[in-house]
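Okay, structure first, notes after.
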Number of protein chains: 2
Amino acid sequence: MPDTLNHPRALRKDALENREAILAAAALVFRRDPESSLDAVATEAGLSRRAIYGHFASRDELLAELLVRGGARISAALADVHDPDPRVHLALVGAAMWGEVQQVRVLAQLAVHGPLEKTIAEALVPVRSSVRQAVRGGVAGGWFRSDIAAESVARLVEDAAIAVLDEAVRADLTEAEARRLVMSVGLSVAGLSWQDAAHVVDGIESSTVTEGPHA
Amino acid sequence: MPDTLNHPRALRKDALENREAILAAAALVFRRDPESSLDAVATEAGLSRRAIYGHFASRDELLAELLVRGGARISAALADVHDPDPRVHLALVGAAMWGEVQQVRVLAQLAVHGPLEKTIAEALVPVRSSVRQAVRGGVAGGWFRSDIAAESVARLVEDAAIAVLDEAVRADLTEAEARRLVMSVGLSVAGLSWQDAAHVVDGIESSTVTEGPHA
DNA sequence: ACTAACTTGCACACACCTGTGCAAGTTAGT
DNA sequence: ACTAACTTGCACAGGTGTGTGCAAGTTAGT
C-alpha cells in the first residue's frame with residue numbers, strides 16, 4: 001500500500017497517479033449517487049477495491065479529501081470575484097460556480113446525507129458569505145427583493161444556482177448559454193425581472209470579451 | 001397479519017389505524033432520508049418491523065402506496081386551479097403546492113433515487129403540465145422569460161418551488177408568508193421582477209379573502 | 001537485475017437491511 | 001368469555017457493503 005511516510009526509496013510516481021484517478025472516479029460516481037460503493041469507485045478508476053484502502057484509510061477519509069479539494073477550488077474561483085455593484089457581483093458568483101460545476105455538484109449531492117454536513121457547510125462558506133453580502137447590498141440598493149430575510153434570499157439563490165447547473169447539463173446547453181443562465185436566474189430569484197437580469201449579464205459579457213477558463 | 005381478503009369476521013379497526021400510522025411514519029421518515037430502513041419507519045409508527053409486513057408485502061409496496069396517495073392529493077389540489085392569466089395561474093399552482101408540502105416533499109425526495117422514478121414522474125405529471133402550460137402562456141403574453149426553452153423554465157420553477165418549501169420550513173415562516181413566498185419566487189424564476197410578482201400575489205390574496213384548507 | 005513500492009485476489013469478520021416462518025402473546029368484536 | 005384478528009419477538013436465509021490480513025504478482029527506480 002502507498003505510504004505517506006518517509007521511506008528508503010520514497011513514493012512511487014504511479015501511486016500518485018492512481019490516487020488522483022481514485023479521486024476523479026469518486027467525484028464522477030458520487031455526483032450521480034452519493035451512496036455508491038467503493039467498488040463502483042474502484043471500477044471507475046480502473047483499480048481494485050482493495051487498492052483504495054492503500055490510499056485512504058476509510059470511505060469517510062476519501063469523502064473528506066474530495067470535500068476539501070472541492071472547497072478549495074471553489075474558494076479559489078471566488079477569490080477574485082469582486083464588484084461594487086451587487087447585481088454584477090451576484091452574477092459573477094454564478095459564473096464562477098459554473099466554472100466549477102463538477103465540484104459544486106459533488107458538494108451539493110453530498111450535502112444531503114450523512115455526518116459530513118459540517119465539513120460541507122464549511123467548504124461552502126465562501127459561497128454563502130459572498131452571496132449573502134451581495135444580497136444585502138442589492139436590497140440596500142433597492143434592486144433586490146426586501147419582502148423576506150436576506151438570509152432566505154441567499155439560500156434560495158444558492159438552491160436556484162444548483163438547479164440551473166443541473167438543468168444546464170440536462171438540457172445540454174452551450175457553455176455560454178449555461179453561464180448566462182446561471183447568472184440570470186440567480187438575479188431573478190434575487191428579485192430582478194428577467195430583462196433587467198439579462199441587461200446586467202450583457203454588461204458583464206461585453207466587458208469581458210474573451211476570458212474565462214472552464215473546468 | 002391483516003388481510004385484505006374476505007373473512008368470517010372481517011378486518012379489525014385498529015389494523016386500519018396501524019396501517020395509517022405506518023404510512024404517516026413512512027412519509028415523515030422518508031422525507032428526511034428516502035433510504036431509511038423499515039425498522040426506522042416501524043419505530044416511528046410505534047410498531048414492530050415485523051408488523052409492517054402484515055400490511056405491505058414489501059418495501060416497494062409501501063413506497064408505491066405513499067406515491068399513489070401523494071400523487072392523488074396533489075392532483076386533487078391542482079384540479080381546481082385555473083386562471084386565464086398565466087401569471088396568476090402559476091402563482092396558484094405554487095399556493096396549491098404549499099397546501100400539500102408534506103406530500104410534495106416526499107415525492108421530491110423519493111424522485112432522486114431508485115427505480116420508482118417512473119411512478120413518481122407519473123404522479124407529478126399534473127404539476128408538470130400545469131406549470132408548463134402556464135409558462136408557455138406567460139411567454140406568449142410577454143411577461144415571462146423567453147431567453148430559454150419553456151421546458152427549462154418550467155423545471156426551474158418546479159425546483160425553485162421545492163427549495164422555497166424547504167426554506168419556508170427551515171426559516172419557520174407563517175403559513176401566510178410561506179404561501180406568498182412560494183407564489184412569488186415561482187414568478188421570479190419565470191421572469192417577473194419581485195415587485196411585479198408581489199403585485200400579482202396581492203391581487204390573488206385580496207380576491208380570495210378567506211379561503212383555503214391547509215394540510 | 002534487484003529490491004522496494006505498489007496492486008491484486010481471495011479470505012475473512014462484522015454490520016446492516018430485507019423478507020419469511022412460527023409460536024406466543026394481546027386486543028377487538030360478538 | 002370466546003375466537004379470530006392482529007402484533008410481537010425471535011430465528012433464519014440471503015443480499016450488500018465496509019475494513020483488514022496475507023500471499024502472490026507486477027511495476028518503478030536505482
Side-chain angles (χ1 to χ4, degrees), chain A residues 1-26 29-30 32-66 109-110 112-116, chain B residues 1-26 29-30 32-66 109-110 112-116:
Chain A
M1 334 163 174
D3 248 321
T4 326
L5 302 167
N6 291 340
H7 275 122
R9 202 179 288 181
L11 293 178
R12 235 167 66 180
K13 190 183 64 187
D14 63 328
L16 262 296
E17 289 171 1
N18 285 339
R19 194 168 205 276
E20 295 307 313
I22 292 170
L23 284 164
V29 168
F30 288 146
R32 286 199 297 264
D33 177 8
E35 318 223 345
S36 298
S37 70
L38 292 189
D39 209 28
V41 174
T43 304
E44 178 65 39
L47 295 174
S48 69
R49 184 178 71 94
R50 192 64 187 75
I52 292 184
Y53 288 97
H55 294 278
F56 305 94
S58 71
R59 180 179 227 276
D60 280 4
E61 199 175 296
L62 171 55
L63 265 297
E65 175 82 24
L66 262 192
Q109 279 289 347
L110 261 28
V112 186
H113 305 281
L116 286 303
Chain B
M1 336 165 173
D3 245 324
T4 326
L5 300 168
N6 292 340
H7 275 123
R9 201 182 287 181
L11 293 179
R12 235 166 67 179
K13 191 182 62 186
D14 63 327
L16 261 297
E17 289 171 1
N18 286 338
R19 196 167 203 276
E20 294 307 312
I22 293 169
L23 283 165
V29 168
F30 288 146
R32 286 201 297 265
D33 178 7
E35 319 222 344
S36 298
S37 70
L38 292 190
D39 210 28
V41 174
T43 304
E44 177 67 38
L47 296 174
S48 69
R49 184 177 71 96
R50 192 62 186 78
I52 292 183
Y53 288 98
H55 295 277
F56 304 94
S58 70
R59 179 180 228 276
D60 280 5
E61 200 175 295
L62 171 55
L63 264 298
E65 176 81 25
L66 263 191
Q109 277 291 345
L110 260 29
V112 185
H113 304 279
L116 285 302

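Order of the sequence lines sets the chain letters (A, B, ...), proteins ahead of strands, with each chain counted from 1. Remember, predicted model here, so these are calculated numbers, not experimental data.
The CD-P distance, from B:E17 to D:dT7, rounds to 10 Å in whole Å. The distance between atom CZ of B:R59 and atom P of C:dC16, rounded to the nearest whole Å, is 16 Å. Straight-line distance from the CG atom of B:L47 to the C1' atom of C:dT27: 13 Å, rounded to whole Å. Atom C1' of nucleotide C:dC16 and atom CG of B:D39 are separated by 10 Å, given to the nearest angstrom. When the P atom of D:dT7 is taken as reference, atom OH of B:Y53 falls 15 Å away, rounded to whole Å. The interatomic distance linking A:R19 (CZ) with C:dA5 (P) rounds to 17 Å, in whole Å. D:dT20 atom P lies 15 Å from atom CZ of A:F56, rounded to whole Å. A:L16 has its CG atom 15 Å from the C1' atom of D:dG29, to the nearest Å.
Between A:S48 and B:L38, it is A:S48 whose nearest contact on DNA chain C lies nearer the 5' terminus.
Between D:dT7 and B:H55, a contact under 4.0 Å exists linking OP1 or OP2 to a side-chain N or O. In this model, the phosphate group of C:dT8 is not approached by any side-chain N or O of A:R50 to a distance below 4.0 Å at OP1 or OP2. OP1 and OP2 of D:dC6 both lie 4.0 Å or more from every side-chain N or O belonging to B:N18. For the OP1/OP2 pair of C:dC6 and a distance below 4.0 Å, the side-chain nitrogens and oxygens of A:R12 include no atom meeting the criterion.
The side chain of B:A51 sits closest to D:dT8 out of D:dT8, C:dT8, D:dG19. Comparing atom distances between the B:D14 side chain and each of C:dG29, D:dC6, C:dG19 picks out D:dC6 as nearest. Counting only heavy atoms from C-beta on, A:K13 has its side chain closest to D:dG29 among C:dT8, C:dC6, D:dG29.
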Original post:
Can B:I52 and B:V41 be said to form a side chain to side chain contact (heavy atoms under 4.5 Å, CB included), step by step?
Top reply: CA-CA 9 Å; B:I52 292 183; B:V41 174; 4.1 Å; yes
**OP:** Report the C-alpha separation of A:L63 and A:F30 in whole Å, then their side-chain angles, then the decisive distance to 0.1 Å, and conclude whether the side chain to side chain contact (heavy atoms under 4.5 Å, CB included) test is met.
**Re:** CA-CA 9 Å; A:L63 265 297; A:F30 288 146; 3.8 Å; yes
**OP:** Under the side chain to side chain contact (heavy atoms under 4.5 Å, CB included) rule, what do A:L62 and A:Y53 come out as? Steps first, then yes or no, please.
**Re:** CA-CA 9 Å; A:L62 171 55; A:Y53 288 97; over 6 Å; no
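One distance of note links CD of B:E65 with NE2 of B:H55; it measures 12.0 Å at 0.5 Å rounding. Summarising the geometry, atom CG belonging to B:D39 is positioned 9.0 Å from atom OG belonging to B:S48; distances are rounded to the nearest 0.5 Å.
Judged by Watson-Crick or G-U wobble contacts below 3.5 Å, the nucleotide C:dA1 has D:dT30 as its partner. For D:dG25, the paired base is C:dC6 (Watson-Crick or G-U wobble, both distances below 3.5 Å). Look at D:dG15: its Watson-Crick or wobble partner, with both distances under 3.5 angstrom, is C:dC16.
For D:dG17, its base never sits under 3.5 Å from the side chain of A:R49 at any donor and acceptor pair.
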